[in-house]
Structures are given as C-alpha cells and as structure tokens.
**Q** 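Handing you a structure now.
Reckoned from all heavy atoms, side chains included, excluding hydrogens, waters and symmetry mates. We count residues from 1, following the sequence as given.
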Amino acid sequence: MNHYLKAVTLLFVLFLSSQLSAAIDVHEFDSPEQEQLFRELTRELRCPKCQNNNIADSNAGLAQDLREKTYQMVKQGSTKQQVLDYMVARYGNFVRYDPPLTPAVMLLWAAPLAIIVLGLLVVLRMAKRKADSKPELNADEQQRLEALIKQTEQDK
C-alpha cells in the first residue's frame, strides 16, 4: 500500500512538472539585442484571438505560434520592421497595438465628429426654416381675425 501511494505521488509530481514547464517559453538568443527585440515585439503585437492581450501575455495557442514565429524571425536576423510587416501581411493592422495612420483609420476617427457637425447643421437649418415661415391668411381669415380682436377689446 505504501509503495502504491509513493508511485501515485511520483506520477502526480511528474505530471505537474511537465505542465509547468509547458507554460514557460524558453528561448535562447545570440545576443542581448535580439532578446530585447523579441521582448519588444511580443509586447507590441496583439493576440488576434484574445484581442486585449499582447502575444507575450496571452496563453492562446495562436499567441504561442506568433511568439514562436517572432522568435524564429528575430533569431534569423530579421529587423523589427520586417517582423511587423510579416505579421501585418497575415493578420492585418489589427495585430499591432499602434496601427499606422491610414485613410481607414482617419475615417474611423473623423466619422463621429462629421456626424455630429452634420446633425447640428440639419437642426440649425430646420430651426431657421421654421422661424422664417409665417402663416399667411387669406382675406376672409384676415377679416375674421380682425373681428375677433375687436370683439375681444369690446368685451374688456
């Protein structure tokens, strides 16, 4: 019974240690500059699956694949821009936390302001049109109005 308990404990410890080592990425770099570049890139690239985590913090499988690809490219001597271009070509500008200023980004930022200005212009035009419009009375309505005014003055 005692041997059985030791065997189960040993298996549990081996299983737990294999799970812990799988969660930590271990990379060896040729220089401290490569390691710095890798860390910088993994903080700048967004996990396409998690969307609010960078690939350094995400535990998603896709983030692990992106970390591995980033590592391989840095290890092969790719520059930061080459790695970013590769990731943007595959996942779009969404993969970057700091996307470049493109016409689509400018439209995204300017659209709410343009809608507010357009709405104000419409409201001002409607208000002006309403203020300018006067109800015109025909001759019968004008005589009837004058008669009502006289009647009201006499009743006072």
**Q** Can you tell me how far CG of L41 sits from CD of Q81, rounded to the nearest 0.5 angstrom?
**A**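 Answer for the CD-CG pair, Q81 versus L41, is 10.0 Å.
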
**Q** Do Q72 and E68 come close enough that some side-chain heavy atom pair is under 4.5 Å?
**A**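 They are in contact (side-chain heavy atoms under 4.5 Å apart), so the answer is yes.
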
**Q** Could you pull out all residues at least two apart from E40 that satisfy side chain to side chain donor-acceptor pair (under 3.5 Å)?
**A** K80

**Q** For the pair Q34 (side chain) and V74 (backbone), establish whether a donor and an acceptor sit closer than 3.5 Å, ignoring hydrogens and angles.
**A**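 Here the side-chain-to-backbone pair exists.
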
**Q** Could you give the distance from CZ (R129) to CG (D132), rounded to the nearest 0.5 Å?
**A**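 Atom-to-atom, R129:CZ and D132:CG are 9.5 Å apart.
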
**Q** Report the distance from atom NZ of K150 to atom CG of L148, rounding to the nearest 0.5 Å.
**A** 11.5 Å

**Q** Side chains of L101 and M106, heavy atoms from C-beta outward: is any pair under 4.5 Å?
**A**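 With C-beta onward as the side chain, the pair touches.
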
**Q** With sequence neighbours left out, what residues match E35 under salt bridge (charged side-chain N to carboxylate O under 4.0 Å, His left out)?
**A**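 For E35, the residues satisfying salt bridge (charged side-chain N to carboxylate O under 4.0 Å, His left out) (neighbours in sequence not counted) are R39.
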
**Q** I want to check something: taking the side chain as every heavy atom from C-beta on, are T79 and L84 in contact at a cut-off of under 4.5 Å?
**A** no

**Q** Please report the closest heavy-atom contact between E141 and N138, naming both atoms and the distance.
**A** N-OD1, 2.8 Å

**Q** Taking Y97 for its side chain and N53 for its backbone only, find out whether a donor-acceptor pair lies under 3.5 Å.
**A**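 Indeed, once roles are kept as given, a pair shorter than 3.5 Å links the two residues.
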
**Q** Using atom types as modelled and distance alone, determine if a side-chain donor or acceptor of K69 lies under 3.5 Å from a backbone N or O of V83.
**A** no

**Q** Any chain of hydrophobic side-chain contacts (each under 4.5 Å) joining L45 to F94?
**A** no

**Q** Can you get from M87 to V105 by hopping between Ile, Leu, Val, Met, Phe, Trp and Tyr side chains that sit under 4.5 Å apart?
**A**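 Different hydrophobic clusters.
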
**Q** Would you check if the side chain of Q154 reaches a backbone N or O of Q151 as a donor-acceptor pair within less than 3.5 Å?
**A**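 Looks like no, no N/O pair under 3.5 Å.
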
**Q** Write down the atom of K75, the atom of D30, and the distance for their closest heavy-atom approach.
**A**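 Closest heavy-atom pair between K75 and D30: NZ-OD1, 3.0 Å.
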
**Q** Measuring from atom CE of M73 to atom OH of Y86, what distance do you get when rounded to the nearest 0.5 angstrom?
**A**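 Those atoms lie 6.5 Å apart.
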
**Q** Check whether any side-chain heavy atom of P48 lies under 4.5 Å from a side-chain heavy atom of L66, and answer yes or no.
**A**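 Of all side-chain heavy-atom pairs linking L66 with P48, at least one is under 4.5 Å.
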
**Q** Looking at side-chain heavy atoms only, is the closest gap between R90 and V95 below 4.5 Å?
**A** no

**Q** To the nearest 0.5 Å, tell me how far L121 CG sits from I116 CD1.
**A** 12.0 Å

**Q** F29 vs Y71 aromatic rings, parallel, tilted or perpendicular, using cut-offs 30° and 60°?
**A** perpendicular

**Q** Are any non-hydrogen side-chain atoms of D57 and N54 less than 4.5 angstrom apart?
**A** yes

**Q** Between A56 and R43, what is the shortest heavy-atom contact and its length?
**A** CB-N, 4.4 Å

